[in-house]
Each structure stands twice: as C-alpha cells, then as structure tokens.
There are 2 protein chains.
Amino acid sequence: MVKRVRGSRTGRPIMVLLDLLGRRWVLRIVWELRDEPRRFRELQDAIGASPTIVNTRLAELRKAKLVELDAASGYRLTVLGRELLRLFLPLHLWSEKWAKATGVA
Amino acid sequence: MVKRVRGSRTGRPIMVLLDLLGRRWVLRIVWELRDEPRRFRELQDAIGASPTIVNTRLAELRKAKLVELDAASGYRLTVLGRELLRLFLPLHLWSEKWAKATGVA
DNA sequence: TCCGTTACTACAATTATTGTAGCGTCGATC
DNA sequence: GATCGACGCTACAATAATTGTAGTAACGGA
C-alpha cells in the first residue's frame with residue numbers, strides 16, 4: 001500500500017512539472033490568465049468546468065507558485081507563472097499549423 | 001443532451017491542443033519518446049500507467065499525427081511530434097529553476 | 001509444436017470530475 | 001442594522017476516467 005502521488009514517483013522536477021501540467025484544466029487555466037487577472041467565477045465560466053475542480057486546480061497552481069490571488073483584481077499569474085506562459089506562447093502559432101496539417105482541430 | 005467533446009467546445013486549434021496535452025500521461029508519453037522509439041510495454045513500464053490508458057493515449061496521439069508506430073522499432077514521434085517536442089524542451093531547464101524556487105519538486 | 005515477443009482488450013474496482021445547490025464573508029445601500 | 005450583490009469556495013450524489021489484473025491474438029524462430 002505505497003502512498004501513490006500522482007504521476008512520476010521519481011521526484012525529478014521535469015516529471016513533477018509534466019504531471020502538474022497534465023492535469024485536466026491546468027494548461028487551460030494558465031492560458032486563460034495570460035492577459036489579465038480573472039475572478040473565480042469568470043474563470044470557471046470561461047473554461048466550463050465545475051467549481052470543485054477549478055478550485056482544486058487553483059489550489060495546486062497556487063501551491064506551485066504559478067498563480068496567486070490578488071484580492072483587488074482576482075487570480076493572476078505569478079512571476080514564475082508568466083515565465084512558464086512565455087515558454088508556452090509558441091504553441092499558439094504552432095497549433096494553427098498543426099490543425100491545418102492534421103484536420104484534427 | 002449536447003454531445004460533449006472533452007474540453008473546449010470552441011474548436012479553436014489552441015484549445016484543442018491544450019485539451020489534448022492536458023490529458024493524463026500525454027505530455028509524459030511525448031517526453032518519453034524524445035530520444036528514441038519505445039515499445040508499447042517499455043513505454044508502459046516507463047510511465048507506470050495501465051495498458052488501457054497507454055493504448056488510449058497512443059491512439060489519440062496517432063490520430064493527432066504526433067506519434068506513429070513503426071513495426072521495426074516501436075512508437076516514435078512524427079515530424080509534427082518532434083516539432084512539438086522542440087517547443088517543450090525549454091521546460092526541462094526551466095523546471096529545475098522552478099523546483100528550486102518553490103521546493104515543490 | 002512450442003516458446004517468446006508483440007500490440008492490445010476485458011472488466012470489475014477505484015479515483016477523478018461534474019452538476020447543482022448553497023454557505024459565509026465583506027462592503028455598499030437603504 | 002437589515003438587505004443585497006459579489007465574491008471565493010464547499011457538499012454531495014451522479015457520472016466518467018483510470019487502474020490493476022488477467023488474458024487474447026498474431027507473428028517469428030527453434
């Protein structure tokens with residue numbers, strides 16, 4: 001009955017990160033916060049997930065110091081979160097190419 | 001009773017892509033294929049998931065033309081898959097920094 | 001024929017996620 | 001000082017996704 005933490009048990013940062021980013025709605029939440037802070041409900045409506053899971057993911061992202069809650073403006077990316085987002089921005093352009101090549105999207 | 005496809009219903013490529021990559025084990029599988037082809041069981045052992053879900057994800061990745069099965073060598077990234085992986089490579093280095101900054105990993 | 005390797009499937013048990021409803025706090029308004 | 005809306009968030013039963021174990025079917029070599 002080993003305590004199973006999600007994903008890799010190696011603890012290597014890249015594995016932990018890939019596991020975190022591979023949880024449902026996580027990438028999407030980071031993406032939705034790319035331009036400006038969002039309120040809890042606003043975020044929930046934007047992605048169309050249940051409040052339960054939105055709250056769970058936000059807690060995980062806050063624990064990972066990628067997202068923070070500013071009382072005045074809402075949820076927003078931290079400095080680390082913005083760094084991560086910057087790495088993901090090329091995905092936007094690439095996804096268009098990918099869509100054309102595959103017809104999937 | 002609307003037909004609900006996973007994730008975004010907008011069909012915008014970036015949303016479809018974020019949804020695909022946000023499924024459990026998908027990022028990890030792409031990562032495991034970064035250097036060389038892997039056999040089904042080898043892949044399964046490496047990530048520690050059930051054969052059911054490994055097979056499901058491989059089917060999705062093949063449909064998305066990111067992964068292909070070569071009878072002689074095993075599962076490997078397609079040209080598109082390698083392009084995607086290249087976008088992700090900076091994550092490796094960044095994850096080390098992130099781990100130090102957060103203590104999460 | 002038998003054995004190993006291969007990709008993959010069946011299926012019940014467990015875990016994650018959804019959908020709906022609602023709670024508790026705070027600040028503004030009457 | 002009662003009421004109201006906005007806010008973050010929780011409860012909980014129903015549904016969907018994932019696991020773990022076992023096994024199938026095709027193939028090639030001895």
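Numbered from 1 within each chain, the chains take letters A, B, ... in sequence-line order.
Evaluation of the side chain to side chain donor-acceptor pair (under 3.5 Å) rule for Lys97(A) yields Glu83(B) as partners, not counting sequence neighbours.
In this model, the phosphate group of dA16(C) is not approached by any side-chain N or O of Arg23(A) to a distance below 4.0 Å at OP1 or OP2. Put simply, Arg41(A) has no side-chain N or O that comes within less than 4.0 Å of OP1 or OP2 on dA6(D). Side-chain nitrogen and oxygen atoms of Asn55(B) include at least one within less than 4.0 Å of the OP1 or OP2 phosphate oxygen of dT9(C). Between Trp25(B) and the phosphate of dT19(D), there is a side-chain N or O to OP1/OP2 separation shorter than 4.0 Å.
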Can you tabulate the close N/O pairs, meaning under 3.5 Å, that link protein atoms to atoms of nucleotides 10-14 of chain C?
{"unit_1": "dA10(C)", "atom_1": "N6", "unit_2": "Thr52(B)", "atom_2": "OG1", "d": "3.3"}

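In this structure, Asp19(A) atom CG and dT18(D) atom P are separated by 13 Å, rounded to whole Å. Look at CG on Leu69(A): it is 12 Å from P on dC7(D), rounded to the nearest Å. Atom CD of Gln44(B) is separated from atom C1' of dT21(D) by 11 Å (rounded to the nearest Å). Spacing between atom CZ of Arg24(A) and atom C1' of dG19(C) amounts to 13 Å, rounded to whole angstrom units. Atom CD1 in Ile53(B) sits about 16 Å away from atom C1' in dA7(C), given to the nearest Å. One interatomic measurement links the two molecules: CZ of Arg39(B) to C1' of dG4(C), which rounds to 13 Å at whole-angstrom precision. In this structure, the CG atom of Leu43(A) is 18 Å from the P atom of dA6(D), given to the nearest Å. Rounded to an integer number of Å, the gap from CZ of Arg28(B) to P of dT19(D) is 12 Å.
Within the 4.5 Å cutoff, side-chain heavy atoms of Trp94(B) are placed close to those of Leu80(A). Contact check for Leu93(A) versus Trp98(A): no side-chain heavy atoms found under the 4.5 Å cut-off. Counting heavy atoms from C-beta outward, Val26(B) and Leu66(B) have side chains that stay 4.5 Å or more apart. Using a 4.5 Å heavy-atom cutoff, the side chains of Val67(A) and Leu77(A) are in contact.
A salt bridge links Asp19(A) with Arg23(A): the distance from a Lys NZ or Arg NE/NH1/NH2 to an Asp or Glu carboxylate oxygen falls below 4.0 Å.
Residue Arg62(B) is classed as a sugar-phosphate contact, given heavy-atom separations below 4.0 Å to backbone atoms only.
Hydrophobic clustering (ILVMFWY, side-chain heavy atoms < 4.5 Å, transitive): Leu69(B) and Trp25(B) are in one cluster.
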